[in-house]
Amino acid sequence: MCGIVGILGTHEVAPLLVESLKRLEYRGYDSAGIATVNDGHLDRRRAVGKLVNLSDLLVHEPLAGKAGIGHTRWATHGAPAVRNAHPHRSGRVSVVHNGIIENFRELRAWLAEQGLSHESDTDTETVAILANHFLAEGATPEEAVELTLARLHGAYALLFLFEGQEDLMIAARKGSPLAIGHGDGEMYVGSDAIALAPLTSRITYLEEGDWAVVTRAGASIKDSAGRLANRPAKTIQIDSAQVDKAGHRHFMAKEIAEQPSRLTGALDHYVGEDGAIRLPGPGIDFSTMDRLTMVACGTASYACYVAKYWFEQLAGLPVDIDVASEFRYREPPIPPRTTALFVSQSGETADTLAALRYCRDKAERIVSVVNVAESSIARESDLALPILAGPEIGVASTKAFSCQLLVLGLLALEAGRQRGRLDGAGFAEKVEALRALPGLINHTLSLTEDAGRIAAQLAEARDILFLGRGRMFPLALEGALKLKEISYIHAEAYASGELKHGPIALVDKAVPVIVMAPHDELFDKTVSNMQEVMARGGPVLLITDRDGAKAAGHGVWETLVLPDVAPLWAPILYAVPAQLLAYHTAIAKGTDVDQPRNLAKSVTVE
Ligand code: M6R
């Protein structure tokens, strides 16, 4: 989603703004722009497409000034075009925005009645026009922003810059996160701490409803009731190196390769030397829990679907799952003794956050499994469990998925222990099997060449099917999502037993079918479904282990053979070939692997 940055600096800010915007590229965008105030005058440059277009424009038409704001836009209202790119300007006000102003049509109509017209199709320009209108009526910048915010409905992170004011930015947060950075005689504002990482590690997060008057001397923050708010600065550890490609061609490749070390770090964090699972604070009481409700979006929701098998099998704990965008409007009853568990890499996904708020007064406890420890979802939970994947920059989630699975797997084991379903030996054996995963993933990463060879052919396909059974069904869903989001090939996943109830009509020799089937208790059944595909000429890629390949590898188009893994934890290992196939298929197709079209890393609008 849109990225915001602002700098009150001591040097020229245009290059710093572009550099900070580069660090927000991972969020997804289709145009970019910056505005500065110099000798009292506001000016801006905007360009469609990648940041390099904005940089080129700045070479020909430089922008001077030591105070400025910048933006990467992910189009919601109005096509990606220069006139719709941010910063928007009206008279003495320039503004950048992430979110959606839901009542912008009414505001637009009202402004039209005042004789004020728009140049763009965006909701954001309305904010600039409103603020400038109040300035023209004699308000100070602070008053103009306060009056403007009072008229807005919807979700926003906003950052204002004013003509004639070289030591002032005003930031506001409602629904979309904003961080204020403290420098040495400089101040910054960013959508997240990653944007500000090279500039400062001292960060103040605005709370919901806050707005802040920022000068080089500091930030004065008011809460939604207009009271001065004390929001302490924290020192955030985001090492610039963590957001480098570290020699890899893409962030996605780096993030796939990092999985063994990230999983090892998470295992060390959560599993004590005695083999017990360590949770922060009072932990989670699974023994009295009647039901677990899990809510998430996209890849995070597939992690929940895998975990459902674990919680039900290991702990006999009933689990409901819903994608957040459906859950929040269904008004589902939440029975007593329900814990609501939210899974999110970014911790800022608007639908997941709204679902959490829906559960706030209904569920007994709100638990979240997040990657960004300072995120809104983490902060609004009773207990937030970090997955410790480190910054994930590639839009396609990889290491966050495996780390989410690991943390959820540990929770399911703990639930099994507390509910008396797992005895000491069974528990210890399963923890040990989890500890084996980083090594097994390391082996699996050596399949990258095979994956590349197979992907060259997958890249020719128009449609691809993924099949899996039991715990591997959500993996099939994840494999299909990964492939379609970065290669743009249409991919669907089915529980393999469902194939004959309709989707088998799609099978022909031009539709590769990828079957995820470790040699487990469901293997024979999956293979029967695979045979049904082969009988109809469908080329099958079988992803399995040695025994599986021996038993069913004859006559398939291709086989990828993974190391043996405890069947329970196979979804964590089998995520890796799915990622490698998607990655290499995207490379073969020449798509933008880290920033695929139309997608945003952190979906902060509905
Ligand atoms: O940050 P979140 O985990 O809440 O994001 C949820 C989805 O938007 C995300 O997993 C998305 O599906 C990924 N692009 C998948 O690779």
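Sequence positions, counted from 1, serve as the residue numbers for this chain. No hydrogens, no waters, no symmetry mates; every other heavy atom, side chains included, goes into these values. Whatever order the structure lists them in is the order used to number ligands and atoms, beginning at 1.
- Proximity of a side-chain donor or acceptor of Ser368 to a complementary backbone N or O of Phe342 within less than 3.5 Å is not detected.
- At a threshold of 4.0 Å, the pair Glu207-Arg379 counts as salt-bridged, since one of the basic side-chain nitrogens sits closer than that to a carboxylate oxygen.
- No salt bridge links Glu255 with Arg262; every basic N to acidic carboxylate O contact stays at or beyond 4.0 Å.
- Remark: distances from the non-hydrogen atoms of Cys297 to ligand 1 include one below 4.0 Å.
- Taking every non-hydrogen atom of Ser346 and a distance limit under 4.0 Å, the qualifying atoms of ligand 1 come out as 1 (O), 2 (P), 4 (O).
- Remark: ligand 1 atoms within the under-4.0 Å shell around heavy atoms of Val395 are 13 (C), 14 (N), 16 (O).
- Protein heavy atom in closest approach to atom 11 (C) of ligand 1: Thr299 N, 4.2 Å.
- Close approach of ligand 1 to Ala300 is summarised as follows: ligand atoms under 4.0 Å from at least one heavy atom of the residue are 3 (O), 10 (O).
- Atoms of ligand 1 found under 4.0 Å from any heavy atom of Gln345, numbered from 1 in the order shown, are 1 (O), 2 (P), 3 (O), 4 (O).
- When each of Gln345, Glu485, Glu478 is tested with Thr299 by the rule side-chain hydrogen bond (donor to acceptor under 3.5 Å, both in side chains), just one qualifies, namely Glu478.
- In summary, Asp382 and Arg360 engage in a salt bridge, as defined by a charged side-chain N under 4.0 Å from a carboxylate O.
- Within the structure, ligand 1 has Lys482 among the residues with a heavy atom less than 4.0 angstrom away.
- Looking only at protein heavy atoms, the nearest one to atom 14 (N) of ligand 1 is Glu485 OE1, 2.9 Å.
- Salt bridge annotation for Glu208-Arg173: present, with a cationic side-chain nitrogen under 4.0 angstrom from a carboxylate oxygen.
- In terms of heavy atoms, Val295 sits closest to Ala355 at CG1-CB, 3.7 Å.
- Counting the atoms of ligand 1 from 1 in the order shown, those under 4.0 Å from a heavy atom of Ala396 are 16 (O).
- In terms of polar-atom proximity, defined here as any N/O pair under 3.5 Å, Thr349 does make such a contact with ligand 1.
- Here the protein heavy atom with the shortest distance to atom 8 (O) of ligand 1 is Val603 CG2, 4.1 Å.
- With Arg73 contributing its side chain and Asp30 its backbone, the two residues share no donor-acceptor pair below 3.5 Å.
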